[in-house]
Amino acid sequence: MVRDKKEAIVVGSGPNGLAAAIALAQAGLQVTVYEKHEIIGGGCRSLELIQKGYIHDVCSTVHLQVKLSPFFRKLPLGEFGLKWVTPPFALANPFDDGTAAVVSQSMPETLATLDGVDEDVYEKLMSPLVAQSQVLMNEIMQFPRISLRHPLMMSNFGRRALSCTTELARSLFKGKRARALIAGMGAHSGMALEQRGSFASGFLMSITAHADGWPFPEGGSQKTVNALAGYLTKLGGRIITGYEVKSLEQLPPHDVVLLDVTPHQFLKMAKNRLPSSYANKLRQYKYGCGAFKCDWILSGPVPWTAKECYQANTVHIGGYLEEIAAAEREVNQQKHPEKPFVILTQPSLFDHTRVSGDGHIVYAYCHVPNGSNLDMTERIEAQIERFAPGFRDRIIGRHTMSTADLECYNPNCVGGDFLGGAQSLKKLILPSVSYETPIKNTFLCSSSTPPSPGVHGMCGKRAATMALKKIKVIE
Ligand SMILES: Cc1cc2nc3c(=O)[nH]c(=O)nc-3n(C[C@H](O)[C@H](O)[C@H](O)COP(=O)(O)OP(=O)(O)OC[C@H]3O[C@@H](n4cnc5c(N)ncnc54)[C@H](O)[C@@H]3O)c2cc1C
């Protein structure tokens, strides 16, 4: 049989797998995606986890990076059902005194929730970069390559991003409220906040939050991947679900294969086809902290004391910098904090399509040591109750996921790590795995590869570009 098109295979239908598949299909290849799960999407699935009619995001909720991604934002995803919901505030961080600091698209609104003494410094830190947020995002999505097109912007971003979160927060701000916002953003890295580079992703998240809010897809994160899959299908791509690729040998004939998996998974799949030096490198690849996640159905909204929390989808729960830093430090010392730093989302406050009747869906997670099997439900609920007395009384249903549950649900969450590997300053500058592998025309494209974790698809897009050059479809 004569094949008239080059055949590409993508293993894994996370946002990076789908991005790779679309880029390959756009270049004219015949693409087939194999997905282990019955439902596509990896870290972007939405399921009725507890009760029919209540749609929970199993992993990601905030898809700001889809909107700003140099690749995804150019795709016609609206035509495939993607609609955005942008809450009034991107984020709220409540305090024990019943107030909260917020991150809003309106800088004055944000500043009004900080200590007066910090208003100018906060504004000067954020505003110049907020004004260039899309350009900044485009540059960062090329990491570790740095262009010299915007030296001032990049040095402005870089000198803060490469700092450690605690030192930066304490040196810039006198008041506790701005310091808390900085700490909460830095904590998304999963690093101890005393580590250099721990503010890098948090800084970008803060800037883009001010620029665009933190939008999420109406109806759940599944809508993003469904739109990507719809577009891929229109380009002629196929997706086969419920098919686990255990070995590269089991794949049908192909010209190129892209793997939306992390290094240890690749090691298993490649069996003994890898040179020992490369295999050892993969064996030594480090995974970061895990997550323990709770989903709830509530009879009403979370009863926050601070009124600002009703205006934000994401709420950072951990009070001031000292407590947030202590929690993340403990996790990085392989301990379980008594008072974990909790990241909560409450999308049904703004998106009624996910719930039936008056109920609400809420999720929250905290970091735990990689592979932890401790049930953190009690500690997470105690933290929420602290800022929202009466929260527990509203719980109608609960679903929890330990690190093992997360990995069983999605094998890319090794030991519960959903960032594709431990984050570090070194990894920001010198990524430990690249797209190309020693096996001919076989590429990695998951969030373990550059530029970074998150739902932007740029790992997949960049891996696909490299693959297309290797097989000489593009120059
Ligand atoms: C609780 C939680 C909250 C998060 N919140 C956010 C957020 O708000 N915003 C954000 O941007 N990011 C968030 N993330 C991170 C985000 O989900 C990931 O960065 C992103 O999904 C990574 O995409 P990926 O394509 O690299 O891998 P994944 O999304 O993990 O997809 C990998 C896919 O490959 C499949 N697969 C693996 N092995 C095989 C195999 N052998 N055969 C076939 N298929 C296989 C898996 O089943 C999976 O579908 C969150 C993650 C979690 C867990």
Side-chain angles (χ1 to χ4, degrees), residues 9-21 32-45 56-69 72 90-91 188 190 201 204-205 208 214-217 221-222 224-225 228-229 239-248 250-251 257-262 264-266 268-270 290-295 313-314 342-345 347 363-367 401 403 405-414 416-421 423 444-461 463:
I9 286 177
V10 175
V11 176
S13 69
N16 281 313
L18 293 173
T32 307
V33 179
Y34 291 95
E35 167 56 51
K36 173 180 189 265
H37 206 277
E38 293 297 338
I39 302 170
I40 62 157
C44 304
R45 287 186 208 118
H56 305 262
D57 289 334
V58 188
C59 299
S60 63
T61 286
V62 176
H63 282 184
L64 172 66
Q65 301 202 58
V66 174
K67 261 192 116 174
L68 297 183
S69 160
F72 284 161
L91 170 80
H188 281 262
S201 56
L204 183 64
M205 288 167 72
T208 50
W214 274 354
F216 60 82
S221 55
Q222 186 77 47
T224 297
V225 280
L228 290 168
I239 304 179
I240 297 171
T241 56
Y243 187 101
E244 182 179 6
V245 177
K246 292 193 172 140
S247 159
L248 294 178
Q250 95 195 55
L251 296 174
V257 58
L258 275 82
L259 305 167
D260 186 6
V261 304
T262 75
H264 286 192
Q265 295 157 270
F266 176 46
K268 281 190 208 146
M269 251 182 223
F292 186 94
K293 178 173 181 267
C294 300
D295 283 88
N313 173 43
T314 305
V342 172
I343 297 173
L344 177 146
T345 75
Y363 89 43
Y365 69 87
C366 70
H367 291 137
M401 286 177 103
T403 61
D405 297 327
L406 269 172
E407 184 168 349
C408 176
Y409 167 76
N410 178 353
N412 284 32
C413 296
V414 178
D417 172 5
F418 64 77
L419 297 180
Q423 306 300 301
L444 289 172
C445 72
S446 74
S447 61
S448 300
T449 62
S452 61
V455 184
H456 45 64
M458 287 305 292
C459 312
K461 160 68 178 157

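As the structure lists them, so they are numbered: ligands from 1, and atoms in each ligand from 1.
Not a single N or O atom of Tyr365, backbone or side chain, sits closer than 3.5 Å to an N or O atom of ligand 1. The shortest N or O to N or O distance between His37 and ligand 1 is not below 3.5 Å. Where the criterion is an N or O separation shorter than 3.5 Å, residue side chain and backbone included, Val455 meets it with respect to ligand 1. Polar contact with ligand 1: present for Arg45 (N/O pair, distance under 3.5 Å). Note: an N/O pair closer than 3.5 Å links Gly43 and ligand 1 by distance alone. Taking any N or O of Val11, backbone or side chain, none lies under 3.5 Å from an N or O belonging to ligand 1. Below 3.5 Å of separation, one finds an N or O of Gly42 facing an N or O of ligand 1. Backbone and side-chain nitrogen or oxygen atoms of Tyr409 are examined, and none is located within less than 3.5 angstrom of a nitrogen or oxygen of ligand 1. In terms of polar-atom proximity, Val62 is counted as a contact of ligand 1, with an N or O under 3.5 Å from an N or O of the ligand.
Selection from Glu35, Met205, Lys293 by nearest heavy atom to atom 1 (C) of ligand 1 gives Lys293.
Every atom of ligand 1 is numbered from 1 in the order shown, and the set under 4.0 Å from a heavy atom of Glu244 is 41 (N), 42 (N). Against a heavy-atom cut-off of under 4.0 Å, Ser446 is close to the following atoms of ligand 1: 26 (O). Here is the list of ligand 1 atoms found below 4.0 Å of a heavy atom in Ser447: 22 (C), 26 (O). Set against the non-hydrogen atoms of Gly454, the atoms of ligand 1 under 4.0 Å away are 11 (O), 12 (N), 19 (O). Close contacts of ligand 1 with Met269, meaning ligand atoms under 4.0 Å from a residue heavy atom, involve 41 (N). In the vicinity of Tyr363, heavy-atom distances shorter than 4.0 Å reach the ligand 1 atoms 3 (C), 5 (N).
Ring-centre distance between Phe292 and His367: not below the 6.0 Å cut-off.
With Tyr243 as the aromatic partner, Lys36 does not meet the cation-pi criteria of under 6.0 angstrom to the ring centre and within 45 degrees of the ring axis.
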Asp57 and Ser221: CA distance, side-chain angles, deciding distance, side-chain hydrogen bond (donor to acceptor under 3.5 Å, both in side chains) verdict: CA-CA 6 Å; Asp57 289 334; Ser221 55; 3.2 Å; yes

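Distances from ligand 1 to the non-hydrogen atoms of Pro15 include at least one value under 4.0 Å. The shortest separation from a heavy atom of Cys459 to ligand 1 is not under 4.0 Å, leaving the residue out of contact.
Ion pairing between Glu244 and Lys268 fails under the 4.0 Å rule for side-chain N and carboxylate O.
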